[in-house]
> 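I'd like to ask you about the structure that follows.
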2 protein chains.
Amino acid sequence: MAVKKFRELDEALVRQKEAAFADFIQKQGLKTTRQRNTIISTFFRMRGHISVEELLNQVKQANPRIGYATVYRTLHLLVDSGLVEERRFGDGLARYEGHSDVEHHDHMICLECGEIFEFFNPRLEALQESLAEENDFQIFRHRLELYGACKDKDACQRRKSRTGAAAAEE
Amino acid sequence: MAVKKFRELDEALVRQKEAAFADFIQKQGLKTTRQRNTIISTFFRMRGHISVEELLNQVKQANPRIGYATVYRTLHLLVDSGLVEERRFGDGLARYEGHSDVEHHDHMICLECGEIFEFFNPRLEALQESLAEENDFQIFRHRLELYGACKDKDACQRRKSRTGAAAAEE
DNA sequence: TGGATTACGAAAACTGTTTTCAATATCGGC
DNA sequence: GCCGATATTGAAAACAGTTTTCGTAATCCA
């Protein structure tokens, strides 16, 4: 029962994402700019479910002249490129999710500490699929969010230090 | 296999809701007003997942002087009273759901025709519960949305005429 | 390197929602 | 039934998050 180190920041993976984005930009006939590079490098080096404000704050450390507009625009590009997903958890702000280990996953949101955990369960997926089928519905995508609480403060804090990923092994 | 008539507008149920709201208002030491009455009667006589704008349009037919502010305020009261639930399906606007047959349910959203279907499946619920438990997570509430398409236009239209409820028997 | 084209940044615009504020309605007590 | 404290209304302003505008600046292909 080795404790798997969860989501070590993988420099190679980050570089790969950056390259993929550069590729996308090129293919779209868009231009490579300092700002875009700053923003995406920053983004891919952050973890979790990142809000625009969080990202901008971080970006400003590298280049204080970058403003909201460019961050928003670049995030749209990231979403269009397929490298990033936009999520909304009902607190009114968009959050962006970059390099995930898991292709698709769902979320548990702790209403105590605000932490967002990811999980994936094939039975859940299968069940949804069969339910949809029963109703002649074809699923393109879905969203499942569990809102609640880590059972106790301690567990909550321990997890927090593991950077927003749960449902792996404990 | 009798085809159950789905969600006939039940005047008695509407009255019951209205009474429950009146009760709530009283208990909170708030006042009964024409506008609130107009708004909630209108609301409870509509079906589906109602946006503020849809409701206001309808309300204005009864009383054109009622504006957004009062509708918003009344909807908040309805939510506080527990008679109505607020939902957000990622198109940026809040939708409100009134008299449901089913206590809790999830949603299938057809991206072709925009229709929203409700469904409930105990196995799905149970599975979520056990998943949460495995991760020491206590669920307060959850949200599951399947986005996709009715398999064909015909089925889609047939359902549409049945006022936004699927997943019962066909 | 020139020059068409795209991107930037600050500020204005926009959308859905909430709040403000002066005028009005409600309702318990007389 | 009327008074008056209190809640509510409606129009407009405020707000938050996001998008667009517009003049300036950077990119990059020929």
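Chain identifiers are assigned alphabetically (A, B, ...) following the order of the sequence lines, protein sequences preceding nucleic acid strands; residue numbering begins at 1 within each chain.
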> Cut-off 3.5 Å, no hydrogens considered: what does the side-chain donor-acceptor table look like for residues 64-71 of chain B, sequence neighbours left out?
none

> Grab the CD-P distance between A:Glu54 and D:dG17 for me, whole Å please.
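It works out to 12 Å between those atoms.
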> Sequence neighbours excluded and cut-off under 3.5 Å, please list the side-chain donor-acceptor pairs for residues 24-33 of chain B, or say none.
from: B:Lys27; atom 1: NZ; to: B:Asp23; atom 2: OD2; distance (Å): 2.8
from: B:Thr33; atom 1: OG1; to: B:Arg36; atom 2: N; distance (Å): 3.1

> Name all pairs fulfilling the ring-ring contact (aromatic ring centres under 6.0 Å, His included) condition that reach into residues 71-96 of chain B, sequence neighbours left out, sorted by first residue then second.
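ring-ring contact (aromatic ring centres under 6.0 Å, His included) check on residues 71-96 of chain B returns B:His49-B:Phe89, B:Phe89-B:His107.
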> Between protein and nucleotides 19-30 of chain D, map the contacts as a letter string: B base, S sugar-phosphate only, - none, heavy atoms under 4.0 Å, written 5' to 3'.
BBB-----BS--
> Charged N to carboxylate O under 4.0 angstrom, A:Arg88 versus A:Glu145?
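A salt bridge is absent here (no side-chain N lies under 4.0 Å from a carboxylate O).
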> Can you work out whether A:Thr74 or B:Gly92 has the more 5'-proximal nearest nucleotide on DNA chain C?
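Checking each residue's closest nucleotide, the 5'-ward one belongs to A:Thr74.
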> Rounded to the nearest angstrom, tell me the gap between atom CD1 in B:Ile66 and atom C1' in D:dA12.
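These atoms are roughly 18 Å apart.
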> Just do the salt bridge (charged side-chain N to carboxylate O under 4.0 Å, His left out) check on B:Arg87 and B:Glu85 with the steps written out, would you?
CA-CA 6 Å; B:Arg87 310 244 176 216; B:Glu85 275 187 72; 3.4 Å; yes
> Can you name the ring-ring contact (aromatic ring centres under 6.0 Å, His included) partners of A:Tyr147, sequence neighbours left out?
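None.
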> Look at A:Glu97 together with A:Arg47 and state whether they make a salt bridge at an N to O cut-off of under 4.0 Å.
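No, this pair does not count.
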> Is there a path of hydrophobic side-chain contacts, each under 4.5 Å between heavy atoms, that joins B:Leu56 and B:Val79?
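As far as the 4.5 Å side-chain criterion goes, B:Val79 and B:Leu56 are connected within one cluster.
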> Reading DNA chain C from 5' to 3', where do the contacts with chain B start and stop? Cut-off is 4.0 Å to heavy atoms.
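Span of nucleotides near chain B: C:dG16 to C:dC27.
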> On DNA chain D, compare the nucleotides closest to B:Arg65 and B:Gly29; which residue's is nearer the 5' end?
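Upstream on the strand: B:Gly29.
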